[in-house]
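This report concerns only the one structure given below.
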Amino acid sequence: MYIKKIEIFVLETLLNTYNNLDLSLINKDGLLIQKSPNSIDSDFGTSLPLRLAKTLKKNQLEIANILAEKLINEKPDYISEITVVKPGYINFSINKKDIFEILKDIAFNENPFSDLFNNKQQKIQIEFVSANPTGPLHVGHIRGAVYGSALSKILSFYGYDVKNEYYVNDAGNQILKFGLSILNEILKSNKISQSLRNKHIIDSTDSYKGEYVKLLANKINNQINLELNSEDLIQKITQLAVTEMLSNIKEDLSRLNVYFDEWFHETKLFEENTLDIVIEKLKQTNLIINKDGATWFLSEDLGDDRDNVLIKQDSSHTYFFSDIANHYNKFYIRNFDKVINIWGADHQGHIKRTKLAMEALGVNQEDLEIKISQMVTIKKGNELVKISKRSGEYVTLNDIVSEVGSDACRYFFLSRAPNTQLTFDIESAKIQNSTNPVYYIQYAHARLTNLIEKATQLDISLDKLPDLNLLSEKEISIAMKLIEFPEIIDQIAKELEPHHITRYTHELASEFHTYYQSEKIIEENNIELSVSRILLCKAILKIIRQCLDLMMVSAPTKM
RNA sequence: GCGCCUGUAGCUCAGUGGAUUAGAGCGGCUGACUUCGGAUCAGCGGGUCGUAGGUUCGAAUCCUACCAGGCGUACCA
């Protein structure tokens, strides 16, 4: 974590030099310490003098020189050189000895970077996927599943106590419609007598279609008694169908390595009267009124576009209401310190009102994070595919995972920022399967494993003390890349966007492949050098394996 | 109409106000081991960063307007 260390060092020196400086003027210009670009012969740099020129009413270069002089006087051991570069950058080079120490730490230590990845004492819940159990997961759900599971993994690696949650909407109109669709399908069977058919008359104009409804109907058919009255029958069917759907969903998700700690059912909120508790609390805030026979939450007063109904004229509750209750449960019954929701883009309009309602209930704004996993546009060649549960036009998660494989699938979705729409071409998915960059990374992992295996056989083991001074510039620059790893994790934990790890891992793999091709790493007549190189390779292997693990992608030793 | 998101190479996408030349992968073209794994490596070609203004010492990045696309805008979930 050189960036943080240098930042603290620079800020201290700065405040000693100019003691009544307003730091807020500096911060708006982005990161204070940045990695030097490749064309520059140093490791890190700061543009601080450029930012200060106006406030201090001094020449940029002059400030840089004054500051650099102070910095050099106070220079800590890990920095080897501090230079001033036009038009006013101060650059830092890292001491090789310090790099070697960290490199050894990565290679030998069970938990390198332990100061960063320690226990954070914060209970975080992350809710994702949460698709209605009225149909199989489709290709669009893969994105949310991959995003949520990777984020969760990385946050818990970072030291938080993280729980994964799937919220099951097992109440309400869509569920009822789903049950009716199944009953409708059952009644179509010619084994059913006319009298029974007449007993249960249903409106099927708006029902769920698709092959899975028929399969489900078949499966449920012999577990029910059609002599029941319609209401009881539909309840029974719905219950069976939801259970069955959920078990399919679990199985689908397991194929992507996605697991949940809790499957939280909406019906539980009713069993525990959470909605009643919530409405009482909200009434105390004077944000509830009755109008036109319905109960409203006055979100417009809090800055939303409009007010929202909680209890409808027919005294049933809205989705919004049970969602508030759901969040109430997370914060006040189960006592999570922080909740992260990953919602599909079609829920983007709910963010504001949900946050407002939770704030009204006393939740701090920053403790409820709602991230959007944007729409996936699906193409088949040049043709757009519209996914619709009702119409039955469908590309399931299963189809895609079977075709492309979990690793390639996870990597593809993980490598895009969650907030941008992306196009998934099913036709090229097969091609993606053979050209997906994930194999490049896995290949590096396999190569490294075998290389180290070979070194062990040749008795080039690390208990012969490596002399890292033998390493070349190229090798040291790979070591610097390894040291970047915790910065990436830190960034992901702050932004809650895990896609940075794919780029980082790919870059690291690329540096290794290039290195591997350009040098014969194990030189049998130069054991000293080989030992040092193998130490570097062990460290690379360790970080690549760690990254694959965090992406929940397999790390094969043979391909 | 209003709200949120997006527009970067032929395609799919990275890019935290900072460094003479804006980066990857795929596709295209040219090459490379008698060697630790060729699922690799070296190279070439490809860009009005949607458009126009503005702020700034400095803008793909911030602001405004416009153009284009997606999603939302229910007493559905």
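The structure displayed is predicted, hence computed values, not measured ones. Every chain is numbered from 1 and lettered A, B, ... according to where its sequence line falls, protein lines coming before strand lines.
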Below 3.5 Å, does any donor atom in the side chain of [X] face an acceptor in the base of [N], or the other way round?
X         : N       : value
Gln374(A) : rC5(B)  : no
Gln421(A) : rU6(B)  : no
His350(A) : rA77(B) : yes

Whole-Å distance between [N] [atom2] and [X] [atom1]?
X         : N       : atom1 : atom2 : result
Leu310(A) : rA77(B) : CG    : C1'   : 15 Å
Asp346(A) : rA74(B) : CG    : P     : 14 Å
Asp307(A) : rC75(B) : CG    : C1'   : 13 Å
Ile540(A) : rC36(B) : CD1   : P     : 19 Å
Glu453(A) : rG37(B) : CD    : C1'   : 14 Å
Lys474(A) : rC41(B) : NZ    : P     : 11 Å

How far does the [atom1] atom of [N] sit from the matching atom of [M], given to the nearest Å?
N       : M       : atom1 : answer
rA60(B) : rC76(B) : C1'   : 41 Å
rG50(B) : rU12(B) : P     : 15 Å
rG47(B) : rC4(B)  : C1'   : 29 Å
rG28(B) : rU73(B) : P     : 44 Å
rG46(B) : rA39(B) : C1'   : 26 Å
rG58(B) : rC62(B) : C1'   : 13 Å

Determine the interplanar angle of the Tyr515(A) and Phe512(A) rings, folded into 0 to 90°, and report it as parallel if under 30°, tilted if 30 to 60°, perpendicular if over 60°.
perpendicular
What class does the angle between the rings of Phe412(A) and Phe424(A) fall in, given that below 30° is parallel, 30 to 60° is tilted and above 60° is perpendicular?
perpendicular
Classify the nucleic acid contact of [X] as base, sugar-phosphate or nothing, counting any heavy atom under 4.0 Å across all strands shown.
X         : value
Ile175(A) : nothing
Phe424(A) : nothing
Thr557(A) : base

Do the two ring centres, one from [X] and one from [Y], sit under 6.0 Å apart?
X         : Y         : result
His499(A) : Tyr147(A) : no
Tyr440(A) : His506(A) : yes
Phe270(A) : His317(A) : yes
Phe44(A)  : Phe92(A)  : no

Is the aromatic ring of Tyr440(A) within stacking range of rA39(B), meaning centres under 5.5 angstrom and planes under 30 degrees?
no
For RNA chain B, whose closest nucleotide is more 5', that of Glu519(A) or that of Asp292(A)?
Glu519(A)
With nearest nucleotides of RNA chain B determined for Asn419(A) and Asn173(A) from heavy-atom distances, which residue corresponds to the more 5′ nucleotide?
Asn419(A)
